Amino acid sequence: MRYMLMIYDNPDTRELFTSPEGRELGAEVDALMERLTESGELVGGEALADPSNTRTVRVQQGAPVVTDGPLAEAKEHFGGYLIVECETIDRAVEIAAAWPSARFAPMEVRPIMDPAGMEM
Amino acid sequence: VIDGARVEPLLRELAPQVLGALVRRYGSFDACEDAVQEALLAAADQWPAEGVPEHPRAWLTTVASRRLVDEVRSDVARRRREEGAAAVAVADERSQAPAVERPREHDDTLTLLLLCCHPALSPSSQIALTLRAIGGLTTAEIASAFLVPEATMAQRISRAKATIRGRGFAPPPPEELAERMRVAEHVLYLVFNEGYTASSGPDLQRTELADEAIRLTRLLRRLAPRDDEVAGLLALMLLTDARRAARTGEGGALVPLAEQDRSLCDRAAIAEGVALVDGALASGPLGSYQLQAAIAAVHVEAPSAEATDWPQVLALYGLLERIAPGPTVALNRAVAVGMVDGPRAGLAALEAIEGMEGHHRVEAVRAHLLEMAGDRAAAHDAYRRAARLTTSLPEQRYLEARAARLG
């Protein structure tokens, strides 16, 4: 089963991770990624740019209306994701708990829809 | 010049035999498996253009042995460079053209399969390793069937090989054999289930997994002809796969058992499956695959959904619950109770099931039984709950459509 581990950020955590004090956290991220690669669980993942770079797009009366900035101003924002394949959701939760930013902002673990299904 | 499509089945068949011969000779499953993959790739490249060699197995064994020896040499050279140390002996010269070890090939393939299904491995690793080493599939093919990047699958396979490194190439001790056979059967069953599921989009690789599971189970049946559970498993696969064309509607839509067009079923597969399960049931102790196959036979032999012999299905689930109890069996039994004793009895059986709370299949069965009982509003809500709980797109579409019908 594939899961998306959704990483949430706030301005403080982003600053923390990019500051010199954040180097150890970065090393933890690298080590965890290496372990997940080595175990064959890592499927993919990306980090997103700061939310201020976002364009929000709506189509109104057939025409796109584009605004600068994210959909909603929130204290925490979606900052990046990992996709893992594990035997159970408990294992995916364990990986999320090991992700360093989980100490500062929440992570969400969500199953990815399977294109196949069982007979009903 | 021959067609590439005819080369592939030959390579798949020869893969475990060549690997078995190599592992017996050189010992290292890990390195031998890599070498055999390379030999298979070379053959897939050359044979369609140049023709199949007269002794294809000997060709593959020779090429794989050379790869293996080259690999050992370059490892040794690297180690020498790295360590700047004394020579490490390479015992490779006698390996140029290994004799083919015919009498042992059956046992070797079974030993290989049981090694790939070693209990120290996770189910996903057992599956990946079995498909590659016994099935002769490439890492790219396996990755594509399981919807992960090739690098992820390659990593999983190499980790699996590292886990069983040093386990030795020998059949399990007699007291462990039965249990190890059960693990191997379960791995093949999981491969089949991956391929059997209805699928939206162009996921052709997945139906190939069902074919591959059947092919490997046929192989296992040849290797262990007296094991009735292997016969039961093969029968279960054939009888389930016989409904493949009836199971999926337009655009990959899921067609429920009750609405499947029986005329689309594969008659030859049904006949073979029924003969297998009858033989197995008559001969020895009951097993879970034999009973599941017997149930599949009742369903597929019924000329229509209405004509299904539900009392027999219920009796078989009763037996299955006794020898292999579990929430999935209890859930399927509740459906049969509903068909035999009425939907309220089915719902009561459903309430008694423990260990499947919040599972979409429980809500789907509840919805179905409520609909049969005429409680449209409650059935609608249960279908919606099931649709929210499932993580499968075709299941979700099916469940939403059922809910919408009850508006």
Side-chain angles (χ1 to χ4, degrees), chain A residues 1-8 26-48 78-100 102 106-120, chain B residues 122-125 128 143 146-149 151-160 162 193-203 206-207 209 240 243 246-248 252-260 335 360-361 364-365 367-368 383 386 389-399 402:
Chain A
M1 187 82 209
R2 289 177 306 151
Y3 298 92
M4 182 182 272
L5 276 45
M6 301 163 76
I7 303 159
Y8 284 84
E28 270 188 64
V29 168
D30 292 345
L32 181 58
M33 292 288 272
E34 206 177 304
R35 283 206 302 281
L36 294 175
T37 304
E38 202 262 334
S39 69
E41 292 172 305
L42 185 68
V43 173
E46 299 285 353
L48 300 181
F78 184 43
Y81 68 91
L82 291 176
I83 293 176
V84 293
E85 194 188 66
C86 330
E87 310 276 343
T88 64
I89 192 166
D90 293 342
R91 172 61 189 149
V93 165
E94 188 179 282
I95 296 168
W99 192 256
M107 301 270 291
E108 283 185 327
V109 177
R110 256 167 97 173
I112 293 177
M113 290 298 275
D114 193 327
M118 296 302 279
E119 189 170 54
M120 296 259 143
Chain B
S122 68
S124 61
S125 303
F146 288 90
L147 310 174
V148 299
T152 301
M153 191 52 77
Q155 196 54 48
R156 205 174 285 170
I157 289 167
S158 83
R159 188 183 160 96
N193 269 348
E194 281 291 334
Y196 147 77
T197 54
S199 190
S200 61
D203 287 303
R206 286 209 154 177
T207 39
L209 280 182
T240 309
R243 289 189 286 108
R247 216 166 38 228
T248 313
L254 215 148
V255 180
L257 182 57
E259 290 165 25
Q260 290 172 10
V335 175
H360 71 276
R361 290 193 77 84
V365 168
H368 176 65
Y383 278 126
L389 287 167
T390 182
T391 57
S392 145
L393 285 166
E395 288 175 13
Q396 190 169 60
R397 278 189 209 116
Y398 165 75
L399 293 163
R402 297 293 290 204

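Chain A is the first sequence line, chain B the second, and so forth, proteins listed ahead of strands; every chain is numbered from 1. These numbers were taken from a predicted model, which means no experiment stands behind them.
- Considering CD of A:Glu119 and CD of B:Glu395, their distance stands at 10.5 Å, rounded to 0.5 Å.
- With a 4.5 angstrom heavy-atom cutoff, B:Arg402 does not touch chain A via any of its atoms.
- B:Thr152 places none of its side-chain heavy atoms less than 4.5 Å from the side chain of A:Glu85.
- The shortest non-hydrogen separation linking B:Arg361 to A:Met118 is NH1-CB, 3.5 Å.
- Put simply, of B:Ala364, B:Ser124, B:Pro256, the one with the most heavy-atom pairs under 4.5 Å next to chain A is B:Ser124.
- In this structure, the portion of B:Leu399 lying under 4.5 Å from any heavy atom of chain A is its side chain and not its backbone.
- In this structure, A:Glu87 and B:Pro123 have side chains that are in contact, with non-hydrogen atoms separated by less than 4.5 Å.
- Rounding to the nearest 0.5 Å places CZ of A:Arg110 at 12.0 Å from OG1 of B:Thr391.
- Heavy atoms from other residues, nucleotides or ligands lying under 6.0 Å from CD of A:Glu34 number 12 at most.
- The contact between A:Ile112 and chain B is made entirely by backbone atoms, counting heavy-atom distances below 4.5 Å.
- Proximity to chain A (any heavy atom under 4.5 Å) is shown, for B:Glu194, by neither the backbone nor the side chain.
- When every heavy atom of B:Pro394 is checked against every heavy atom of A:Gly117, the shortest pair comes out as CG-N, 3.6 Å.
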